[in-house]
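In this text, all values refer to a predicted model and were calculated from it rather than measured experimentally. Residue numbers start at 1 and run along the sequence shown.
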Amino acid sequence: MAAANLHKDTVVYQIYPRSYMDSNGDGIGDINGIISKLDYLADLGINTIWFSPLYKSPDDDNGYDIADYKSIDPKFGTMEEFDILLAQAKKRGIGIVMDLVINHTSDEHEWFKKALEGDEKYRDYYIIRKGKNGKLPNNWGNFFAECPWSKFGGEDSEEYYLHLFSKKQPDLNWHNPAVIEEVKDIMRFWLEKGVVGFRCDVINIIYKDSLENGRPSPILTGMEHYLSTEGCHRILRELHDEVLEPYGAFTVGETVFVDIHKARDLIDEKRRELDMIFYFEHMEVDQVIVKWFKTQLKPQKLMECLTKWQSALDWCAVYFENHDQPRFISRFIDSKGFRKESSKMMAGLLMTLRGTPFMYEGQEIGMTNGDFADLEEVMDIESHNIYKMATKLHIPKGIRWKMIQRTSRDNARTPMQWNNSENAGFTTGKPWLKVNGNYKTVNVQTDMADPDGVRAFWKKMIELRKTNEILREGQFRSCIESKSVYAFKRVLDGKELLSVCNMTGKTVAVPEKIKGWNNVLVSSYKNYEKDVLKPFEFRLIEK
């Protein structure tokens with residue numbers, strides 16, 4: 001299938017490997033564990049899996065610090081097991097997408113080790129500069145609340161290397177043609193194995209135009225020098241034309257601080273860069289300046305943001321959860337007492353928006369944020385760095401902990417809840433991260449025993465999304481964005497479907513504007529009422 005169609009005809013399920021299924025009792029999910037669940041995934045109806053990194057890594061940032069791009073980390077298994085996974089997934093009609101992390105490597109990558117040894121070839125793979133007048137090379141900020149410059153070669157060195165993330169994640173120098181060729185070789189290695197595409201990590205910040213001081217900013221000073229630069233566009237076109245297109249592979253780019261104009265540039269078919277992007281504006285509608293400070297979401301604000309992007313872009317990745325975001329129903333939905341209902345509403349909304357749906361492990365059973373008791377139970381490096389920074393700023397301890405509880409990336413990384421046995425059936429050993437205590441009632445086995453369960457509704461909506469031409473291809477038209485009800489049409493060749501979501505925990509009247517739509521194809525309630533929408537009810541209707 002050509003890349004132009006592949007990304008539009010798929011439903012993607014993201015797996016965070018260390019949290020999915022452990023086959024050997026070491027407390028870490030692995031490839032054989034994933035293989036054991038392929039039938040489960042095929043039954044759900046997804047046809048693409050995106051894996052967070054499986055590569056060899058010292059795990060400073062849970063695999064996003066890569067030490068060898070052409071290997072499988074032993075904690076996950078072997079390359080032979082990965083090849084079996086690929087083959088078994090293909091038998092079930094499931095394609096594999098790899099996570100491509102190419103803004104930085106691990107400081108334990110062979111390239112960086114050789115740079116430290118004085119090899120000039122590999123020094124130029126990274127961004128290494130002398131300080132200025134006893135100070136750092138520039139005034140830039142860092143995504144992980146660290147200083148973005150660390151000493152290169154020891155504390156007595158006058159040189160520093162740039163890392164926009166952890167100090168163990170040195171940024172690559174994309175001005176060096178050899179780096180570009182290395183990445184092409186990595187991509188071809190995985191495409192030759194049979195993967196169908198790549199999720200490209202922080203892809204729009206890889207190319208730094210200059211290392212000049214940035215305009216002072218409360219967050220990420222200096223980003224004007226690396227955010228969606230022309231050099232980045234040029235590199236993406238080169239990777240597309242020379243690697244991706246010949247293999248018919250597709251890409252989805254994680255893009256930082258993109259507005260609609262920048263997003264259009266990245267996915268414009270004539271520019272030949274990315275097939276689609278993850279934007280973040282809808283994940284920031286509850287945010288006050290930075291993500292660590294949140295306010296109660298007003299559903300209408302989320303509706304307006306979704307409509308804005310749906311109307312502005314022809315095609316995009318649509319999602320509400322991933323490994324970097326707290327669980328949607330814990331964060332955005334006042335779902336107390338309505339976990340199942342709000343989870344189903346989310347499924348209906350996701351599968352009826354225009355674009356490629358990306359769902360995240362556990363979303364199909366309505367998993368919620370982790371229930372961590374203190375910072376010692378949190379493993380996420382970003383969370384620990386933010387807590388340290390908040391301490392230095394004299395933010396009260398109670399507020400600091402509330403920030404972490406609500407916003408830590410570990411909220412979505414708790415192990416998959418398979419059944420109500422010890423450790424939720426994820427492992428026979430000690431889990432690498434605390435299992436949510438609600439696993440006794442929120443788990444796959446319990447949910448699948450319920451014909452009206454959350455997973456059953458996800459399965460129904462996935463099948464509908466894959467088989468209904470209007471949902472696959474139709475244009476988006478917003479109808480209602482009220483304090484409680486979001487309604488929009490999908491339109492194709494004169495045919496229309498209406499998607500309706502009550503985004504509150506209260507029963508509300510069906511708005512007058514849509515009362516003429518009577519033929520309910522799907523409701524998230526078995527017994528719906530014609531003139532009212534029950535709490536978090538979803539309906540798909542045709543006239």
Side-chain angles (χ1 to χ4, degrees), residues 7-14 40-50 93-94 282 302-303 306 310 315-322 327-329 332-333 335 338-367 442 444 447-448 450-476 479 485-492 495-503 517 519-528 533-542:
H7 71 282
K8 291 186 176 182
D9 291 331
T10 192
V11 175
V12 184
Y13 184 99
Q14 182 191 356
Y40 165 83
L41 292 169
D43 178 73
L44 182 62
I46 61 97
N47 46 15
T48 303
I49 298 172
W50 152 33
I94 297 173
H282 69 304
L302 176 61
M303 301 173 199
L306 290 172
Q310 285 278 300
W315 196 269
C316 209
V318 289
Y319 72 100
F320 294 122
E321 292 188 7
N322 62 35
R327 293 288 185 176
F328 182 87
I329 60 174
F332 282 157
I333 301 294
S335 61
F338 295 106
R339 183 190 61 82
K340 287 175 62 175
E341 292 81 0
S342 58
S343 296
K344 291 180 183 181
M345 185 272 292
M346 174 174 58
L349 175 58
L350 182 67
M351 291 299 158
T352 54
L353 288 168
R354 179 174 168 84
T356 300
F358 281 72
M359 58 187 298
Y360 180 68
E361 63 182 47
Q363 199 172 359
E364 74 272 25
I365 58 167
M367 281 180 62
V442 181
V444 170
D447 197 84
M448 287 186 71
D450 180 3
D452 192 39
V454 176
R455 186 185 182 276
F457 192 75
W458 272 97
K459 183 175 176 177
K460 176 189 291 187
M461 291 308 305
I462 290 169
E463 179 64 18
L464 197 58
R465 165 61 175 72
K466 287 164 58 181
T467 57
N468 187 288
E469 191 177 29
I470 301 173
L471 292 182
R472 288 202 322 272
E473 301 178 22
Q475 295 300 310
F476 172 93
C479 295
V485 176
Y486 188 34
F488 55 87
K489 295 179 186 177
R490 297 295 306 280
V491 181
L492 181 68
K495 299 176 182 178
E496 298 179 336
L497 290 177
L498 182 70
S499 179
V500 183
C501 301
N502 176 7
M503 301 188 77
W517 292 73
N519 187 16
V520 178
L521 300 179
V522 177
S523 171
S524 56
Y525 280 79
K526 284 196 296 185
N527 300 309
Y528 63 88
L533 294 168
K534 294 181 180 180
F536 300 107
E537 183 175 356
F538 166 82
R539 290 184 192 174
L540 185 65
I541 316 172
E542 64 181 3

Within 6.0 Å of OH in Tyr528, more than 12 heavy atoms from elsewhere: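 Not buried by this count: 12 neighbours or fewer within 6.0 Å.
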Over 12 foreign heavy atoms within 6.0 Å of NZ, Lys466: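 Atom NZ in Lys466 is packed in, count exceeds 12.
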Between CE on residue Met461 and CZ on residue Phe538, distance to nearest 0.5 Å: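 Going from the CE atom of Met461 to the CZ atom of Phe538 covers 4.0 Å.
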Given 3.5 Å as the limit, does a donor-acceptor pair link the side chain of [X] with the main chain of [Y], or not?
X: Thr10; Y: Val12; answer: no
X: Arg539; Y: Val500; answer: no
X: His282; Y: Tyr319; answer: yes
X: Arg490; Y: Leu353; answer: yes
X: Arg354; Y: Gly474; answer: yes
X: Arg455; Y: Ile365; answer: no
X: Asp447; Y: Val454; answer: yes
X: Tyr13; Y: Gly45; answer: no

Side-chain touch [X]/[Y], heavy atoms, less than 4.5 angstrom:
X: Trp458; Y: Leu350; answer: yes
X: Lys534; Y: Asn502; answer: no
X: Ser524; Y: Met345; answer: no
X: Ser343; Y: Phe536; answer: no
X: Val522; Y: Leu464; answer: yes

Mutual orientation of the aromatic rings belonging to Phe328 and Phe320 [parallel < 30°, tilted 30-60°, perpendicular > 60°]: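 Aromatic pair Phe328/Phe320 classed tilted.
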Phe488 vs Phe476, ring pair (Phe, Tyr, Trp, His ring centres under 6.0 Å): CA-CA, chis, key distance, verdict: CA-CA 7 Å; Phe488 55 87; Phe476 172 93; 5.1 Å; yes
Indicate the atoms forming the closest heavy-atom contact of [X] with [Y], along with that distance.
X: Ser499; Y: Gly348; answer: OG-O, 4.5 Å
X: Leu498; Y: Cys479; answer: CD1-SG, 3.9 Å
X: Met359; Y: Ile46; answer: SD-CG2, 4.0 Å

Evaluation steps, side chain to side chain donor-acceptor pair (under 3.5 Å), between Ser523 and Glu537: CA-CA 7 Å; Ser523 171; Glu537 183 175 356; 2.9 Å; yes
Non-neighbouring partners of Asp452 that pass salt bridge (charged side-chain N to carboxylate O under 4.0 Å, His left out), sequence neighbours left out: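 For Asp452 the salt bridge (charged side-chain N to carboxylate O under 4.0 Å, His left out) partners, ignoring immediate neighbours, are Lys344.
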